[in-house]
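In what follows, a single structure is set out as structure tokens and then discussed.
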Amino acid sequence: MEVNRLQTILQSVQSGEMQIDVAMTELKDLPYEDLGFAKLDHHRTLRTGFPEVIFAQGKTIPQVLAIADRLSERSHKVLITRCSPECSAAVTEKFPGSTSFDVARICAVPGKGDAPDNSYSAKGKVLIVTAGTADIPVAEEAAITAHEMGSEVERLFDVGVAGLHRLLDQRERLFSARVIVVVAGMEGALASVVGGLVHQPVVAVPTSVGYGASFQGLAPLLTMLNSCASGVCVMNIDNGFGAGYFANMLCRM
């Protein structure tokens, strides 16, 4: 149930346009729907401001389509993350108006529910920064997530510490953001560098990009967790979705 729908029901009861027993029937709608293989949280927008997001990896395509179909009936938008090319093709075929973001591996499905009210609107800009070009897929996952949730997003790619002048040349863009997401593999030093330059919160995302001693992202994860720069929080390895979601939450505060 969306916030706007709940407000409409309460206002209708207050004005006398809706009887209490009718309203009770509407409000008795379960907060979740059981599909057997999944229990869909239809009240998540009421609690968090955004509908439940589908994690496609590990699910069959029919399962993803069934979940998206039910969520879209009661939500204003459905995000599907970690979509394979086959899953994206099936989603865009089934749901007209859907958008597939191939690099980010995200699909956005328009829903039939009301959009959240302005109390959930994001303020300020999220800047997505990568150390290298190879980090872009994770960065795009963060960027598309934040954008689809309502944030203004800007991108700054390939400004890692191997050529620090590339980052320093973009200081004005760093300073103008409200939240900065830093995506880096290898040794993951960029998050500390950015955190030491700016006053904004920095959301660090380690990636599994790197040579053998990076241990599939463990090395940058530990670097970011041990950052000496204040104001840096750390996501899990390759978790661009979590970074984009958290950045949007900061912009809504």
When rounded to the nearest 0.5 angstrom, what distance separates CG in Asn239 from CG in Leu221? 11.0 Å

Side chains of Ser176 and Lys125 in contact at under 4.5 Å (non-hydrogen atoms): yes

Note: Asn236 and Pro206 closest approach over all heavy atoms is O-CD, 3.8 Å

Using every non-hydrogen atom in the two residues, find where Ser208 and Ile237 come nearest and quote the distance to one decimal. N-CG2, 4.0 Å

How far does OG of Ser227 sit from CG of Leu222, to the nearest 0.5 angstrom? 12.5 Å

Which heavy atom of Asn248 sits nearest a heavy atom of Ala146, and at what distance? ND2-O, 3.9 Å

Quick one: does Lys77's side chain have a donor or acceptor within less than 3.5 Å of a partner on Glu148's backbone? yes

Considering all heavy atoms of both residues, which atom of Ser12 and which atom of Ser15 are nearest to each other, and what is their separation? O-OG, 3.2 Å

The reported gap from OG1 in Thr145 to CZ in Phe101 (rounded to nearest 0.5 angstrom) is 9.5 Å

hydrophobic_cluster_shared for Leu164 and Phe175, side chain cutoff 4.5 Å: yes

Are any non-hydrogen side-chain atoms of Phe50 and Leu79 less than 4.5 angstrom apart? yes

Quick one: CZ on Arg178 to OG on Ser151, what's the gap to the nearest 0.5 Å? 9.5 Å

Return the NZ to CZ distance between Lys112 and Arg74, rounded to the nearest 0.5 Å. 12.0 Å

Look at the side chain of Ser214 and the backbone N and O of Tyr211, then say whether any donor-acceptor pair between them is shorter than 3.5 Å. yes

Ion pair Glu141/Arg82, N-O distance below 4.0 Å: yes

Identify the two heavy atoms, one from Thr223 and one from Gly188, that lie closest to each other, and give their separation to 0.1 Å. CG2-O, 3.8 Å

Applying the side-chain contact (heavy atoms from CB on, under 4.5 Å) test to Ile144, which of Ile106, Val153, Thr99 qualifies? Ile106

Cluster question for you: counting only ILVMFWY and a side-chain heavy-atom cut-off of under 4.5 Å, with indirect links fine, are Leu156 and Val193 together? yes

So, the side chain of Arg173 versus the backbone of Arg155: is there a donor-acceptor pair under 3.5 Å, distance only? yes

Tell me, with the steps shown, if Leu197 and Arg171 meet side chain to side chain contact (heavy atoms under 4.5 Å, CB included). CA-CA 9 Å; Leu197 286 174; Arg171 289 190 299 273; 5.6 Å; no

Quick one: does Val232's side chain get under 4.5 Å of Met224's, heavy atoms only? no

Side-chain heavy atoms of Phe157 within contact of Arg166, under 4.5 Å: no

Taking C-beta and beyond as the side chain, do Ile54 and Val109 meet within less than 4.5 Å on heavy atoms? no

Within one Ile-Leu-Val-Met-Phe-Trp-Tyr cluster: Met186 and Leu190, side-chain cutoff 4.5 Å: no

Measuring only between side-chain heavy atoms, which start at C-beta, is Ile180 closer than 4.5 Å to Val129? yes

For Tyr245, I'd like to know if atom OH has over 12 heavy atoms of other residues, nucleotides or ligands within 6.0 Å. yes

Would you kindly confirm whether Val161 and Val182 end up in one hydrophobic cluster when ILVMFWY residues are joined by side chain heavy atoms under 4.5 Å apart? yes

How long is the straight-line distance from CD of Glu93 back to OG of Ser100, given to the nearest 0.5 Å? 13.0 Å

Please check if atom CD in Gln216 has more than 12 non-hydrogen atoms from other residues, nucleotides or ligands closer than 6.0 Å. no

Side chain Thr207, main chain Gly185, donor-acceptor under 3.5 Å: yes

Taking the side chain as C-beta and beyond, is there a heavy-atom pair between Leu250 and Val126 under 4.5 Å? no

Between Ser75 (side chain) and Ser72 (backbone), is there a donor-acceptor pair under 3.5 Å? no

Any donor and acceptor pair, going by atom type alone, linking the side chain of Ser88 with main-chain N or O of Ser84 inside 3.5 Å? yes

Are Ile128 and Val159 connected in the hydrophobic side-chain network, where two residues link if heavy atoms are under 4.5 Å apart? no

Return yes if some donor-acceptor pair links the side-chain N/O of Asp135 with the main-chain N/O of Val209 below 3.5 Å, else return no. no

Looking only at heavy atoms, what is the nearest atom pair of Leu71 and Glu52, with distance? CD1-O, 3.9 Å

